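Every value quoted in this text rests on a predicted model; they were computed, and no experiment measured them.
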Amino acid sequence: MVELIIICEGQTEERFVTDVLAPALAPTAIYASARMIPTSPNSRGGSLNYDRVKRALRNTLLERVDTFVTTFFDLYALGSTFGGFADTRGRAPTERASAIERWLHKEIVAYAKCRPERFLPHVQPHEFEALLFSDVESLCQVEPEWASHTETLARVRDGVDDPEWINDSPHTAPSKRLNVLSPRYRKRQHGPVAAATIGLDKIREQCPHFRRWYERILGLRPI
């Protein structure tokens, strides 16, 4: 049995892990649970900065010696407190995400003094909503009124090699593209439901960086 703790950026990612990812992994004897980083005495998630992330990851890794820890952070607006974020601007999104992951792995393993294989960071290009463009027709089934927007969102998807290339401008990031939807797309409410409707198989097929992360998780073996 493998126990995996996934440190999530926000409530949308937390629900995706709990409702979609964990049930898919359980039959393989990999038991995933989601956590968010406390950002104040009364709130969790969002407002990521490296110092806060560093402490949370170290504390999680030190709780036990036989668990694995990963992250589910968005590349979009991650911020320059993370190594590799600023100096990889203009490069391919998967290249940027991978550079930040390598930096984060080196930093956290040294800080927590843990076995390197226990920590496998993941940064999603450009954000969670990119996964929802894996199947626009299924996405638009979540709300009956969304069907009229299928063609518009399909053009967005067809304009890139894969959904993870939908860019990170404040006006054209994946979540911003969903502003055309009415009723309004709500991350926490609609995101995990849409991902479940699309299915992990389709998401893995369309999103190579996400697929590689998922395959790394499937390859974990008990310590």
For this session: Would you name the heavy atoms of V17 and C8 that are closest together and state the gap between them?
Result: CG2-SG, 3.8 Å
Exercise. With sequence neighbours left out, which residue pairs that include part of residues 50-69 fulfil the ring-ring contact (aromatic ring centres under 6.0 Å, His included) condition?
Worked result: Y50-F82, Y50-W103
For this session: State, to 0.1 Å, how close F119 and I108 come at their nearest heavy-atom pair, and which atoms those are.
Result: CE2-CB, 3.6 Å
Problem set entry | Side-chain touch D162/C207, heavy atoms, less than 4.5 angstrom | no
Problem set entry | Contacts of type side chain to side chain donor-acceptor pair (under 3.5 Å), residue E95, not counting sequence neighbours | none
Exercise. Closest approach of V136 and A154, non-hydrogen atoms and distance?
Worked result: CG1-N, 3.9 Å
For this session: Could you list the residues that satisfy side chain to side chain donor-acceptor pair (under 3.5 Å) with R155, not counting sequence neighbours?
Result: E151
Seminar exercise, completed: Contacts satisfying side-chain hydrogen bond (donor to acceptor under 3.5 Å, both in side chains) that involve residues 56-66 (not counting sequence neighbours) are E3-R64, R35-E63, R58-Y111, R64-D66
Exercise. Heavy-atom distance under 4.5 Å between the side chains of R157 and Q206, does that happen here?
Worked result: yes
For this session: State, yes or no, whether a side-chain contact exists between F73 and E13 at a heavy-atom distance under 4.5 Å.
Result: no
Problem set entry | Heavy-atom closest contact (T150 atom, A147 atom, distance) | OG1-O, 2.9 Å
For this session: Check whether any side-chain heavy atom of L153 lies under 4.5 Å from a side-chain heavy atom of C140, and answer yes or no.
Result: yes
Seminar exercise, completed: In this structure, NZ of K187 is separated from OG1 of T12 (nearest 0.5 Å) by 4.5 Å
For this session: Starting at CG of L75, measure out to NE2 of H122 and round the result to the nearest 0.5 Å.
Result: 10.0 Å
For this session: Could you tell me which residues satisfy salt bridge (charged side-chain N to carboxylate O under 4.0 Å, His left out) with R177, sequence neighbours excluded, listed by chain and number?
Result: none
Problem set entry | Counterpart residues, ring-ring contact (aromatic ring centres under 6.0 Å, His included), relative to Y214 (two or more places apart) | none
Problem set entry | Qualifying residues under salt bridge (charged side-chain N to carboxylate O under 4.0 Å, His left out), relative to K202, sequence neighbours excluded | E205
Exercise. Which atoms form the tightest heavy-atom contact between P116 and H105, and what is the distance?
Worked result: O-NE2, 2.9 Å
Exercise. Any side-chain heavy atom of D51 within less than 4.5 Å of one from T81?
Worked result: no
For this session: Check A56 against I37 and note the closest heavy-atom contact, atom names and distance.
Result: CB-CG1, 3.8 Å
Seminar exercise, completed: So side-chain hydrogen bond (donor to acceptor under 3.5 Å, both in side chains) across residues 15-31, not counting sequence neighbours, yields R15-D19
Problem set entry | With sequence neighbours excluded, residues passing salt bridge (charged side-chain N to carboxylate O under 4.0 Å, His left out) with D201 | R204
Exercise. Who passes side chain to side chain contact (heavy atoms under 4.5 Å, CB included) against E117, sequence neighbours left out?
Worked result: R115
For this session: Can you sort out the partners of Q141 under side chain to side chain contact (heavy atoms under 4.5 Å, CB included), two or more places apart, ordered by chain and number?
Result: T197
Exercise. Going by distance alone, is a donor N or O of one side chain under 3.5 Å from an acceptor N or O of the other, for Q124 and E164?
Worked result: yes
Exercise. Tell me, do L120 and I217 make a side-chain contact under 4.5 Å, heavy atoms counted?
Worked result: yes
Exercise. Within a strict 4.5 Å, meaning less than it, do heavy atoms of the K176 and H171 side chains meet?
Worked result: no
Seminar exercise, completed: To the nearest 0.5 Å, atom CZ of R212 lies from atom OG1 of T94 at 6.0 Å
Problem set entry | Sequence neighbours excluded - ring-ring contact (aromatic ring centres under 6.0 Å, His included) pairs with any residue from residues 126-151 | F16-F128, W146-H190
Problem set entry | Residues Y185 and E143: side-chain donor-acceptor under 3.5 angstrom | no
For this session: Please assess T70 against W213 for the test side-chain hydrogen bond (donor to acceptor under 3.5 Å, both in side chains), listing each intermediate value before the final yes or no.
Result: CA-CA 9 Å; T70 187; W213 178 52; 2.9 Å; yes
Exercise. Do I7 and M36 come within less than 4.5 Å of each other through their side chains, counting heavy atoms only?
Worked result: no
